[in-house]
Amino acid sequence: MRSEKTSGIDTIDKAILAMLQNNADTPVAEIAEQVGLTVTPCWRRIQKLEKAGVIRKRVALLDPERLNVGV
């Protein structure tokens with residue numbers, strides 16, 4: 001995957017962010033494989049994005065129907 005800089009976030013960072021936004025529980029090894037990195041550099045990028053505030057927190061999305069709660 002080619003790495004182009006845009007506002008300090010390159011295409012690899014964007015791919016990592018897309019995967020985490022889709023499922024924050026995705027194992028780092030799986031993310032690394034998908035973006036063409038080994039685990040350690042991938043994990044460092046995720047840590048860098050967290051430290052920079054790009055990733056603010058990881059959350060769980062709940063299903064209101066299964067919880068039987070109205071809107």
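Looking at Leu37 and Arg45, their side chains come closer than 4.5 Å, going by heavy atoms from C-beta outward. Two residues are said to be in side-chain contact when any heavy atoms from C-beta on lie closer than 4.5 Å; Met19 and Leu17 fail this criterion.
The salt bridge (Lys or Arg N to Asp or Glu O under 4.0 Å) pairs that include a residue from residues 25-43 number zero, where partners must be two or more places apart or lie in different chains.
Residues meeting the salt bridge (charged side-chain N to carboxylate O under 4.0 Å, His left out) test with Arg66, sequence neighbours left out: Asp63. Contacts of Leu67 classified as side-chain contact (heavy atoms from CB on, under 4.5 Å), with partners at least two apart in sequence or in another chain: Leu62, Val69. Residues meeting the side-chain contact (heavy atoms from CB on, under 4.5 Å) test with Glu50, sequence neighbours left out: Ile46, Ile55, Arg58.
Taken from CG in Leu20 to OG1 in Thr26, the straight-line distance is 6.5 Å, to the nearest 0.5 Å. If you take CD1 on Ile12 and CD on Gln34, they are separated by 13.0 Å, rounding to the nearest 0.5 Å. Atoms CD1 and CD1, from Ile9 and Ile16 in turn, are 10.5 Å apart once rounded to the nearest 0.5 Å.
Residues Val39 and Ala29 share a closest heavy-atom pair of CG2-CA, 3.8 Å. Considering all non-hydrogen atoms of both residues, Gly8 and Asp13 come closest at O-OD2, 4.0 Å.
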